[in-house]
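Read the structure below first, then the notes.
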Amino acid sequence: MQQAALRAGSGAIADTQADAIPDPLAFFVSDLHLQAALPRTAQAFRDFLTQQASRARRLYLLGDIFEYWAGDDDLETPFNRGIADAIRAVAQAGVEVFWIAGNRDFLVSEGFAHAAGLTILNDPHVVTLAGRRLALAHGDAQCTDDTDYMAFRAQVRNPVWQQAFLAMPLAQRKAIIEGLRQGSQAAQKEKSSEIMDVNQQAIAQLFADTGSALLIHGHTHRPARHVYSDAAGGKLRYVLPDWEIDATPARGGWIAIGVDGVLRRFDHQGQLIAD
């Protein structure tokens, strides 16, 4: 009843091919980069929650859901609170919601998890759905060719660094993050596209470490379905798209798995993407 009530909201994504999935087990989404400056993207995410994710048993948020996260005390910002409430509504309707941190929102902690009604997972995470073993990750840890980023990642994921950073006033933290964002945008212009993509040896290691032949991740903003063949059998790597409905053309989308064990990719309008 609660899930049906959620789906009765906006009709922006209803009556599409995505609704035809029989008894969806889980939806996977990442890289929405939600921020108040992009209201159409935020609304599209709310529509996705009420009309798609609410039909599933599980929802996996695989990082960079927010453009940045300065700490759980930023929950008092109305925009952030609104997103947390929207996620919590889906959880209260009976959907299990899970979170893997991205490179933009790795400071999400138990305060946000409680507010949004979700469970934080380690990266990578392995889950079995419809008899299929899936490895889930954000994807930034596999971009090992970008040595500057990997050094930065190691620094900011250090608990000592995080404790010192979170001890600063919220306004100071936001100012530091804004400076880091500007520096990152400038640095990316000097890097090749290959450096900013995942390293294939790192992907092979992730398959080996997780014992999975299926991987879903985001981060690279290069949505695709990659097929690998080796002596141990075929492997599949699915890359989630980033979202920006405020852009022209709009972009976004998600992956779903049904009780039949089939993984399907959809664009932001819920249209099936042929593999």
Side-chain angles (χ1 to χ4, degrees), residues 29-46 48-49 61-89 97-123 138-141 143 146 148-191 196 218-221 240 242-247 251-252:
V29 65
S30 73
D31 297 279
L32 288 108
H33 296 269
L34 296 175
Q35 52 189 300
L38 299 177
R40 294 177 61 191
T41 303
Q43 185 57 52
F45 178 58
R46 295 187 186 96
F48 164 75
L49 290 175
L61 305 172
L62 301 186
D64 285 4
I65 304 304
F66 290 95
E67 171 65 5
Y68 71 88
W69 191 256
D72 284 1
D73 51 341
D74 204 12
L75 262 169
E76 298 312 310
T77 300
F79 178 83
N80 293 342
R81 174 61 68 174
I83 297 299
D85 289 346
I87 297 172
R88 186 174 186 82
V97 184
F98 301 94
W99 175 285
I100 286 179
N103 54 294
R104 299 298 189 100
D105 48 21
F106 58 87
L107 288 175
V108 159
S109 191
E110 291 304 321
F112 177 83
H114 176 74
L118 57 79
T119 300
I120 296 176
L121 304 174
N122 291 328
D123 183 354
H138 177 59
D140 62 321
C143 294
D146 190 345
D148 289 341
Y149 171 71
M150 295 304 292
F152 172 77
R153 186 182 192 276
Q155 176 189 7
V156 300
R157 296 299 181 107
N158 186 304
V160 175
W161 183 93
Q162 292 185 6
Q163 183 177 16
F165 183 74
L166 291 172
M168 300 177 185
L170 179 59
Q172 183 179 0
R173 277 178 269 150
K174 288 186 173 182
I176 292 173
I177 289 171
E178 183 57 35
L180 290 172
R181 288 169 64 201
Q182 293 178 4
S184 175
Q185 291 171 357
Q188 286 179 10
K189 295 178 181 179
E190 304 298 324
K191 296 178 181 179
M196 293 188 290
H219 179 65
T220 63
H221 300 189
L240 289 159
D242 68 313
W243 288 51
E244 191 172 347
I245 310 304
D246 298 76
R251 62 183 186 272

Check your understanding: Do the rings of Y149 and F152 sit parallel, tilted or perpendicular, given the 30° and 60° boundaries?
Key -> tilted

Exercise for review: Start with the C-alpha gap between I245 and L38, add the side-chain angles, then the distance that decides, and say whether side-chain contact (heavy atoms from CB on, under 4.5 Å) holds.
Suggested key: CA-CA 8 Å; I245 310 304; L38 299 177; over 6 Å; no

Check your understanding: Who pairs with D246 by side chain to side chain donor-acceptor pair (under 3.5 Å), at least two apart in sequence or on another chain?
Key -> T41

**Study point:** salt bridge (Lys or Arg N to Asp or Glu O under 4.0 Å) partners for E110, two or more places apart
**Key:** none

Revision key, fill the gap. The salt bridge (Lys or Arg N to Asp or Glu O under 4.0 Å) partners of D123 (sequence neighbours excluded) come to none

Practice item. Could you walk me through whether F45 and I87 pass side-chain contact (heavy atoms from CB on, under 4.5 Å), step by step? Key: CA-CA 10 Å; F45 178 58; I87 297 172; 4.2 Å; yes

Exercise for review: Using the test ring-ring contact (aromatic ring centres under 6.0 Å, His included), find all partners of F112 that sit at least two apart in sequence or belong to another chain.
Suggested key: F66, W69, W99

Review point. Going by the salt bridge (Lys or Arg N to Asp or Glu O under 4.0 Å) test, which pairs reach into residues 152-163, not counting sequence neighbours?
Key: D140-R153, D140-R157

Practice item. Enumerate the residue pairs fulfilling salt bridge (Lys or Arg N to Asp or Glu O under 4.0 Å) with a member in residues 30-42, sequence neighbours excluded, ordered by first and then second residue. Key: none

Exercise for review: List in chain and number order the residues that pass side chain to side chain contact (heavy atoms under 4.5 Å, CB included) with A175, two or more places apart in sequence or in another chain; answer none if no residue qualifies.
Suggested key: none

Review point. Among all residues two or more places apart in sequence or in another chain, which pass the salt bridge (Lys or Arg N to Asp or Glu O under 4.0 Å) test with D74?
Key: K174

Point to revise | Worked check of side-chain contact (heavy atoms from CB on, under 4.5 Å) between R46 and I83 | key: CA-CA 8 Å; R46 295 187 186 96; I83 297 299; 4.0 Å; yes

Practice item. Please identify each residue that fulfils ring-ring contact (aromatic ring centres under 6.0 Å, His included) with F106, with sequence neighbours left out. Key: none

Review point. Got R104 and H33 here, is their nearest side-chain heavy-atom distance under 4.5 Å?
Key: yes

Check your understanding: Backbone N or O of V156 within a donor-acceptor pair of the Q162 side chain at under 3.5 Å?
Key -> yes

Revision key, fill the gap. Between the OG atom in S30 and the CD1 atom in I65, the distance rounded to the nearest 0.5 Å is 6.5 Å

**Study point:** Verdict with supporting geometry, N103 and H138, side chain to side chain donor-acceptor pair (under 3.5 Å)
**Key:** CA-CA 8 Å; N103 54 294; H138 177 59; 2.9 Å; yes

Point to revise | Side-chain (D105) to main-chain (Y68) donor-acceptor, under 3.5 angstrom | key: no

Review point. After noting the C-alpha distance and the side-chain angles of D64 and L32, does the key distance pass the side-chain contact (heavy atoms from CB on, under 4.5 Å) rule?
Key: CA-CA 6 Å; D64 285 4; L32 288 108; over 6 Å; no

Check your understanding: Considering residues at least two apart in sequence or located in another chain, which fulfil the side chain to side chain contact (heavy atoms under 4.5 Å, CB included) criterion with T119?
Key -> F98, L121

Check your understanding: How would you list, by chain and number, every residue that makes a salt bridge (Lys or Arg N to Asp or Glu O under 4.0 Å) with D73, sequence neighbours excluded?
Key -> R173

Check your understanding: Mind checking what makes side chain to side chain donor-acceptor pair (under 3.5 Å) contact with E76, not counting sequence neighbours?
Key -> R81

